[in-house]
Amino acid sequence: MTAPTVTSTPPAALAKKPRTRPWRKKGEAGFDKPTLPGLLVRYLLLTLLMVITVGPFLWQLSTSLKGPMENIYSFPPNLLPQDPTFANYGEVTRTIPVISYAWHSLVVSVAMVITNVVFATAAGYALANMKFRGKAIIMGLILSTLLLPGEVTLTSQYLTIKALNLQNTLTGVFLPTAITSINILLMATAARSIPQSILDAAAIDGASTMQRLRHIVWPNVKGMASVVALMSFIQAWDDFLWPLVVLSDPEKYTLTVGMQYLSSSFGTNPRVVAAGTIIALLPIILLFTFTQKYFFRGVEEGGVKG
């Protein structure tokens with residue numbers, strides 16, 4: 001009696017066939033290269049994204065440079081002013097003290113950057129690399145605060161600031177955001193990438209906590225710290241609701257709150273309102289232009305190490 005013949009299937013035949021993608025083709029180095037339809041779809045989506053994000057800014061800039069006789073509501077929109085003028089910007093500076101309001105915003109923003117970078121770095125290092133009781137509870141509380149919108153805690157924050165007698169002061173404006181939960185989590189993620197053996201070796205050699213923070217932790221997390229600094233500055237500069245609640249003296253307004261006066265006084269002249277908007281946005285644009293390489297480098301470092 002002959003045994004049945006068992007045919008073995010070659011491993012290559014059992015291998016799963018790669019899924020074909022008709023819009024991509026294989027490149028010389030083994031990477032997929034997009035075909036012409038794929039490139040068209042990509043550029044179409046990029047163009048649509050640019051129109052949605054950059055379009056309103058360009059329209060505001062064009063409106064701020066248009067004269068009183070030009071129609072700003074024409075369709076399709078005319079982004080090139082027929083008779084460019086800076087008179088709208090002059091009207092803004094004559095109506096509100098732009099320099100004073102910008103200085104107040106700068107003071108609040110710089111203070112928020114310093115406190116967030118310093119305290120978030122220390123807190124992130126403690127949560128990521130130190131062992132202590134209640135660590136999981138503290139992390140859970142920090143995460144839970146991210147679930148609450150800022151409007152929910154607005155009343156409690158104001159009552160706290162009022163109890164400290166800090167209402168109608170710039171200190172009361174920046175104090176509730178002197179350190180934020182998201183910045184602590186970002187710095188904790190960056191600090192978690194530091195090998196624990198290096199920190200333990202430094203502790204055995206007699207390095208204090210401050211020395212470990214200065215010589216080991218900070219050189220490894222300064223990329224993420226630049227992200228925290230830029231995000232904190234933009235958040236403080238653009239904040240409108242909280243300064244409006246805390247400040248009651250017009251002489252102490254920040255720039256965003258002061259610009260609201262233009263909407264009420266020049267509601268029928270959107271050219272002046274648009275000029276004020278551009279003035280408020282200009283520092284943020286310049287700051288991001290000169291610091292974007294540090295921002296993206298910090299995001300890349302955090303994404304790779306974290």
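Reckoned from all heavy atoms, side chains included, excluding hydrogens, waters and symmetry mates. This chain uses plain numbering: 1 for the first residue, then up along the sequence.
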Donor-acceptor pair, side chain of R212 and main chain of V217, under 3.5 angstrom: no
Cluster overlap I198 with M210, hydrophobic side-chain contacts below 4.5 Å: yes
Side-chain heavy-atom pair M130, Y125 within 4.5 angstrom cut-off: yes
Distance, nearest 0.5 Å, that separates CG of L127 from CZ of R192: 8.0 Å
More than 12 heavy atoms of other groups within 6.0 Å of L80 CG: no
Flag if over 12 foreign heavy atoms under 6.0 Å of CZ, F290: no
Hydrophobic cluster (4.5 angstrom, side-chain heavy atoms) - remaining members for L48: I52
ILVMFWY network linking L282 to Y253, side-chain heavy atoms under 4.5 angstrom: no
Please set out all donor-acceptor pairs under 3.5 angstrom arising from side-chain atoms of residues 244-252, sequence neighbours excluded.
unit_1	atom_1	unit_2	atom_2	d
D249	OD1	E251	N	3.2
K252	NZ	N168	O	3.1

Expected output: side-chain K66 to main-chain Q82 donor-acceptor under 3.5 Å: no
Main-chain N/O of V273 paired to T277 side chain as donor or acceptor, under 3.5 Å: yes
Distance, nearest 0.5 Å, that separates CG of L199 from CD1 of I204: 11.0 Å
Interatomic spacing from CG in L106 to OG1 in T254 - rounded to 0.5 Å: 12.0 Å
Contact check, side chains of S64 and Y89, non-hydrogen atoms, under 4.5 Å: yes
S144 (side chain) donor-acceptor with L141 (main chain) under 3.5 angstrom: yes
For M112 against A236, the heavy-atom pair lying closest together: SD-CB, 3.3 Å
Test side-chain contact (heavy atoms from CB on, under 4.5 Å) applied to H104 and L255, step by step: CA-CA 7 Å; H104 296 163; L255 188 59; over 6 Å; no
Neighbour count above 12 (heavy atom, 6.0 Å) for K135 NZ: yes
Least distance between heavy atoms, T93 atom then G90 atom: OG1-O, 2.8 Å
Hydrophobic cluster identity match, V51 and L40, side-chain contacts under 4.5 Å: no
Closest non-hydrogen atom pair, A190 against M224: CB-CB, 3.8 Å
CA sep, side-chain torsions, deciding dist, call: I179, T115, side-chain contact (heavy atoms from CB on, under 4.5 Å): CA-CA 6 Å; I179 180 171; T115 54; 6.0 Å; no
L143 reachable from I137 in the ILVMFWY side-chain graph, under 4.5 Å edges: no
F174 side chain reached by L170 side chain, heavy atoms, under 4.5 Å: no
Expected output: side-chain T63 to main-chain A274 donor-acceptor under 3.5 Å: no
Interatomic distance, I284 atom CD1 to I234 atom CD1 [nearest 0.5 angstrom]: 5.0 Å
Heavy-atom side-chain contact between V257 and F240 under 4.5 Å: yes
Pairwise distance CD(Q211) to CG(D205) - rounded to 0.5 angstrom: 10.5 Å
T160 side chain reached by L175 side chain, heavy atoms, under 4.5 Å: no
Hydrophobic cluster identity match, I285 and M231, side-chain contacts under 4.5 Å: yes
Under 3.5 Å: donor-acceptor pair, side chain of E70, backbone of D83: yes
Flag, side chain of S62 to backbone of L58, donor-acceptor distance under 3.5 Å: no
Flag side-chain contact, heavy atom, 4.5 Å: T153 against T145: no
Donor-acceptor contact below 3.5 Å, side chain W242 vs main chain G172: yes
Minimum-distance pair of heavy atoms, taken over all atoms of A229 and V113: O-CG2, 3.4 Å
Contact summary for A128 and A188, nearest pair of heavy atoms: CB-O, 3.4 Å
Verdict with reasoning, V92 to N88, per side-chain contact (heavy atoms from CB on, under 4.5 Å): CA-CA 6 Å; V92 173; N88 299 319; 5.8 Å; no
Pairs meeting criterion ring-ring contact (aromatic ring centres under 6.0 Å, His included) with involvement of residues 177-235, two or more places apart: F233-W237
Atom CD1 of I99: over 12 foreign heavy atoms under 6.0 Å: no
L45 and L49, any side-chain heavy atoms less than 4.5 Å apart: no
Side-chain heavy-atom pair D239, V108 within 4.5 angstrom cut-off: no
Rounded distance [0.5 Å steps], CE in M139 versus CG in L185: 6.0 Å
L146 to S181 - nearest heavy-atom pair and separation: CD2-CB, 3.7 Å
